[in-house]
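Naming: A, B, ... by sequence-line order, numbering from 1 per chain. Since we're looking at a predicted model, the values are computed, not measured.
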Number of protein chains: 2
Amino acid sequence: MSDPVLLPLLGGPPPERRDAARNREALLVAAQELVDSCGVDHVTMEAVAARAGVGKGTVFRRFESREGLMAALLDRSETVWQAAVISGPPPLGPGADPMERLLAFGRSRLTTTMRHAELIRAAGRAGSRSYAAWSFTAMHVRYLLGELHVAGDLPILATALLAPLEVPVLEQQLSVEAFPLERVAAGWEDLARRVVRPPGA
Amino acid sequence: MSDPVLLPLLGGPPPERRDAARNREALLVAAQELVDSCGVDHVTMEAVAARAGVGKGTVFRRFESREGLMAALLDRSETVWQAAVISGPPPLGPGADPMERLLAFGRSRLTTTMRHAELIRAAGRAGSRSYAAWSFTAMHVRYLLGELHVAGDLPILATALLAPLEVPVLEQQLSVEAFPLERVAAGWEDLARRVVRPPGA
DNA sequence: AATAGAAACGGACCATGGTCCGTTTGGGCT
DNA sequence: AGCCCAAACGGACCATGGTCCGTTTCTATT
């Protein structure tokens, strides 16, 4: 029977079996290599499986779908950026005043989004991962707006600032309309100021 | 030889052959019926072809891809909405003052987008069609901002107002975070006012 | 160490979007 | 009317994402 002492401590689902963990890692490495060498949309699930030395079924059991695999890859890249926001040097990280941080956030998020654009596209709305990514930025912007004593519906206002930084919107501006990146960045700063500026001033 | 009088008038590409036009129409009708009865993502290209009584190759020749077909379908629905904006009754159509029109535009676009959400998703970035749809709303908002004497980079500000009305953003708020529709709509109005409000007042 | 059963594995199999090419058809020209 | 050929057609064929299930491997328990 199972240990009555451990039982109450089991918070989440049981841990992965060792071979499963090894395969997950191998698959992520293989996928990353293929993405780097062929570009996201030329990577097939079979190729990833073959390169990792496992069967195709295994890939889908671990990551649900192609989107899920891409989301997992994306997660890794996003994590290092999130760390820079949480605990990196100012003005992106803590230390600068909130308005400076907000403007730094916008510029940084803009370039990061474009850098990861292909992967973000390929990840689609994969499970709860993409939600997690959105959630982080939403929480951060909400926090900064709070520090700036912005009045209003903060979650909604945060969304208003984040929406123009989504891939399809940025691609429309940068690629289709061919606005220079600096113009888009400056435009976002202007938007941020308009949103933050108090009504009576 | 070809008529020397007609030749200079040939602005665009030559017109479709009669059978081609008939098939295009039959395919659109078939696709619409299937979408209505099964839901967008259960419609297969073969099913559409079969229902229209043509071969699969024909569907792809006319519409390029699944996304292209969905975009064509979407186009029809969007057109009637666009007509309402251009020449319908105020406050959405012309006649009301610009700020009223802008607020009416936001609410109307919000509900229209959600009504067409599945189709918009399925249409993806299909050819120049999705660009045309974006282009219309962008132009309209730019025009209204001009009428309101808003100072700044109007194309960019228009984008800032349109981005929060895109499907993924709205779904995040309405479905994932479960904000009531009225809250999202009110939030957009607040955003519009902040963007329009002049700096010194 | 032996055992049992849950979990993971692999690759054949299926569904569907998309391509290709030999055949048919429409419509301008004589 | 008859000819011609560009355009359109159709459906076999291919690539790839995703499923299924019989087999193998891990690990907790004795």
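- If you measure from atom CZ of B:F63 to atom C1' of C:dG18, you get 16 Å, rounded to the nearest angstrom.
- Rounded to an integer number of Å, the gap from A:F60 CZ to D:dG18 C1' is 5 Å.
- Residues A:K56 and B:P15 each lie close to DNA chain D; by heavy-atom proximity, the contact nearer the 5' end of the strand is made by B:P15.
- Within the 3.5 Å criterion, the main-chain N or O of A:A104 finds no donor-acceptor partner in the side chain of A:S108.
- Between the CZ atom in A:R183 and the CG atom in A:L174 there is a gap of 11.0 Å [rounded to 0.5 Å].
- Distance alone, capped at 3.5 Å, places no donor-acceptor pair between the A:S175 side chain and the A:Q172 backbone.
- The side-chain heavy atoms of A:R109 and A:H140, taken from C-beta on, include no pair separated by under 4.5 Å.
- Taken residue by residue, residues 26-50 of chain B places no heavy atom nearer than 4.0 Å to DNA chain D.
- In this structure, of D:dT19, C:dG26, C:dG10, it is C:dG26 that holds the atom nearest to the side chain of B:D19.
- Atom pair B:M70:CE and C:dT16:P shows a separation of 13 Å (rounding to whole Å applied).
- B:E64 has its CD atom 15 Å from the C1' atom of C:dC20, to the nearest Å.
- Comparing D:dC9, C:dC9, C:dT19 by their nearest atom to the side chain of B:N23 picks out D:dC9.
- Using a 4.0 Å cut-off, no side-chain N or O of B:R18 falls inside it from OP1 or OP2 of D:dA7.
- Where B:R22 and A:G57 meet DNA chain C, the nucleotide closest to each residue was compared, and A:G57 sits on the side nearer the 5' end.
- Considering CG of B:L74 and CZ of B:R121, their distance stands at 13.0 Å, rounded to 0.5 Å.
- Between A:A163 and A:V169, the shortest heavy-atom contact is O-CG2, 3.9 Å.
- Phosphate proximity of D:dG18 to A:R66: absent, as no side-chain N or O sits under 4.0 Å from OP1 or OP2.
- An OP1 or OP2 oxygen of D:dA7 is reached within less than 4.0 angstrom by no side-chain nitrogen or oxygen of B:R61.
- With hydrogens and angles left out, the side chain of A:R17 and the base of C:dA8 share no donor-acceptor pair within 3.5 Å.
- Within the structure, a side-chain polar atom (N or O) of B:R62 is placed less than 4.0 Å from OP1 or OP2 of D:dA8.
- Qualifying side chain to side chain contact (heavy atoms under 4.5 Å, CB included) partners for B:F136, counting only residues two or more places apart in sequence or in other chains: B:W81, B:Q82, B:V85, B:I86.
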